[in-house]
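What follows is a short report on a single structure.
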Amino acid sequence: MNGPGHQAGSVAGLAGIPRAISIARRVMENTPHTFLVGENAHSFAVREGFLEQDQLTESGRQAWQHWKESQTASEVAHFEDNRSYSTTPVLLTPESHDTIGLCALDQQGNLAAGCTTSGMAWKIPGRVGDSPIIGSGLYVDNEVGAAAGTGHGDEMMKACLSYRVVLNMERGMEPQEACVEALRYLMRKVPPELHQNYGAALIALRKDGMTGAAATRSGFKAPNQIWQWASMSDEGLVLREGVYVSENTIETKLDE
Ligand code: ASP
């Protein structure tokens, strides 16, 4: 998403072609549309000169095999027979997801944001998460700020979190406060029994260059570690320890 002109481009459901975020940029720059999906997004990418490439690695194939063998029949049924589904929520583990979200501000004061992912593992084919959805996985208002998110997209996408972070900044909140408020909103909406397996993290960049971030748990990515986020400025790259939101407080210590 590019601040000037409020421009955005997205793709989802792409298979057999890498560099999804670059294809999304072409949607933004070369079409009158915002969001292309599935086979037609793939055809668009090929027409734009992107090369097809098998994305399944041997380690990925083995991980899938291992996961499948460790599940009950009903939990894998949706891959074998589309008429039968498990309603068990997909667990968010350190290995099961890996999204990159970023926000940028240039010397002219223009903002941009990007969000790219292969999505949570072991999903039903066709499932789209929060990441490519404008307002959910990322959002930019060039007069206010930018935000991006990662985590359990099936819950996050119902709360329009990135939009909420930017709106919070527009209403006067500091970037970190804006992220904390959005996550508290999310946690009020998510059933408490899901909080155990549940994770979400947000980053924010305000028009004046101030940054902030927050997560729903201390070890967002790696259990027993405080999660970190990165900021880059004239002073160089800094890895920061992120705060996390518990019921009523903001904390930086590890979960029990
Ligand atoms: N948000 C992504 C999804 O739900 C996962 C992630 O953040 O890594 O697909």
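Quick caveat, the model's predicted, so the values are computed rather than measured. Every number for a ligand or one of its atoms is a count from 1 in the order of the listing.
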Atom indices of ligand 1, in the order listed, that fall short of 4.0 Å to a heavy atom of T99: 2 (C), 5 (C), 6 (C), 7 (O), 8 (O)
In ligand 1, which numbered atoms sit nearer than 4.0 Å to a non-hydrogen atom of D130? 1 (N), 2 (C), 3 (C), 4 (O)
Geometric class of the W67/W122 ring pair [parallel <30°, tilted 30-60°, perpendicular >60°]: parallel
Which is closest to atom 4 (O) of ligand 1 in terms of heavy atoms, R127, E155, M156? R127
Quick one: closest heavy-atom pair of A213 and V243, and the distance? O-CG2, 3.5 Å
Under 3.5 Å, N or O to N or O, is G153 touching ligand 1 that way? yes
Ligand 1 atoms in contact with G119 (distance to a heavy atom under 4.0 Å): 9 (O)
Heavy atoms of V180 and A214 approach each other most closely as CG2-CB, 3.8 Å
Under a plain distance cut-off of 3.5 Å, with no hydrogens placed, do N30 and E48 share a side-chain donor-acceptor pair? yes
So the atoms of ligand 1 within less than 4.0 Å of a heavy atom of S131 turn out to be 1 (N), 2 (C)
Just which atoms of ligand 1 are under 4.0 Å from any heavy atom in T150? 6 (C), 7 (O), 8 (O)
Minimum-distance pair of heavy atoms, taken over all atoms of M169 and L205: CE-O, 3.8 Å
Among A200, G151, G199, which residue places a heavy atom closest to atom 5 (C) of ligand 1? G151
E155/K189 salt bridge by N-O under 4.0 Å criterion: no
